[in-house]
Amino acid sequence: MVLAIRGATTVSNNDKNEIINETKKLLSEIFEKNNLKKDDIISIIFTATKDLNAAFPAVAAREMGLNDVALMCMSEIDVPDGLKKCIRVMLHVNTSLDKSRIKHIYLNDAKVLRPDLN
């Protein structure tokens, strides 16, 4: 079955290394909490708020060895009062997990986006 797993994190600065490292942390936790392997991933969609342009978050996935996975990076619309310096992901995965057992991961200030999951 193909399911989607969502997640988000924030960074404190528009810095290439911070964007890539924090995205790696987010992806690693999604992998760990959902017991995923690289071969389970079909595609990943990354979005970043307009205030993050120092690096593509997808670079983190490539550095983690996800070289055969379709990746897409997009810029979010600039919504007034929206969360700043935020990176979001949506992974499409092949899994035998029941939909109710999927763990969506929100880190740092992005936890406010889904307080029901914390």
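Through chains of ILVMFWY side-chain contacts below 4.5 Å, I77 is grouped with V79.
Between the side chain of E18 and the backbone N or O of N13 there is at least one donor-acceptor pair closer than 3.5 Å. Between the side chain of N34 and the main chain of L36, no donor-acceptor pair closer than 3.5 Å is present. Judged by distance alone, the side chain of K38 and the main-chain N or O of M64 form a donor-acceptor pair under 3.5 Å.
Applying the side-chain hydrogen bond (donor to acceptor under 3.5 Å, both in side chains) rule to T23 yields no partners; only residues at least two apart in sequence or on another chain are considered. For the salt bridge (charged side-chain N to carboxylate O under 4.0 Å, His left out) test, residues two or more places apart in sequence or in another chain that qualify with E63 are K24.
Contacts classified as salt bridge (charged side-chain N to carboxylate O under 4.0 Å, His left out) and involving residues 39-59 (residues at least two apart or in different chains) are not found.
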Enumerate donor-acceptor pairs with a distance under 3.5 Å from any side-chain N or O in residues 80-88 to protein atoms, sequence neighbours excluded.
unit_1 : atom_1 : unit_2 : atom_2 : d
R88    : NE     : E76    : OE1    : 3.3
R88    : NE     : E76    : OE2    : 2.7
R88    : NH2    : E76    : OE1    : 3.4

Solution key, residues 53-62 side-chain donor-acceptor pairs under 3.5 Å, sequence neighbours excluded:
unit_1 : atom_1 : unit_2 : atom_2 : d
N53    : OD1    : N14    : ND2    : 2.7
R62    : NH1    : L66    : O      : 2.4
R62    : NH1    : V69    : O      : 3.1
R62    : NH2    : V69    : O      : 3.3

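Tracing side-chain contacts under 4.5 Å through hydrophobic residues (I, L, V, M, F, W, Y), one never reaches L26 starting from I19; they form parts of separate clusters. Residues I20 and L27 do not share a hydrophobic cluster, clusters being chains of Ile/Leu/Val/Met/Phe/Trp/Tyr side chains in contact below 4.5 Å.
Within the model, atoms NZ of K111 and CG of N108 stand 7.5 Å from one another, a figure rounded to the nearest 0.5 Å. The CG atom of L113 sits 10.0 Å away from the OG1 atom of T9 when rounded to the nearest 0.5 Å. Residue E29 holds its CD atom at 5.0 Å from CG of L107, rounded to the nearest 0.5 Å. Within the model, atoms CD1 of I5 and NE2 of H104 stand 7.5 Å from one another, a figure rounded to the nearest 0.5 Å. Rounding to the nearest 0.5 angstrom, the gap separating the CD1 atom in I45 from the CZ atom in R6 is 12.5 Å. To the nearest 0.5 angstrom, I105 atom CD1 is 12.5 Å from F31 atom CZ.
Nearest heavy-atom pair, T10 versus D109, reported as atom, atom and distance to 0.1 Å: OG1-N, 3.1 Å.
Put simply, the side chain of S43 does not reach to within 4.5 Å of the side chain of M72, judged on heavy atoms.
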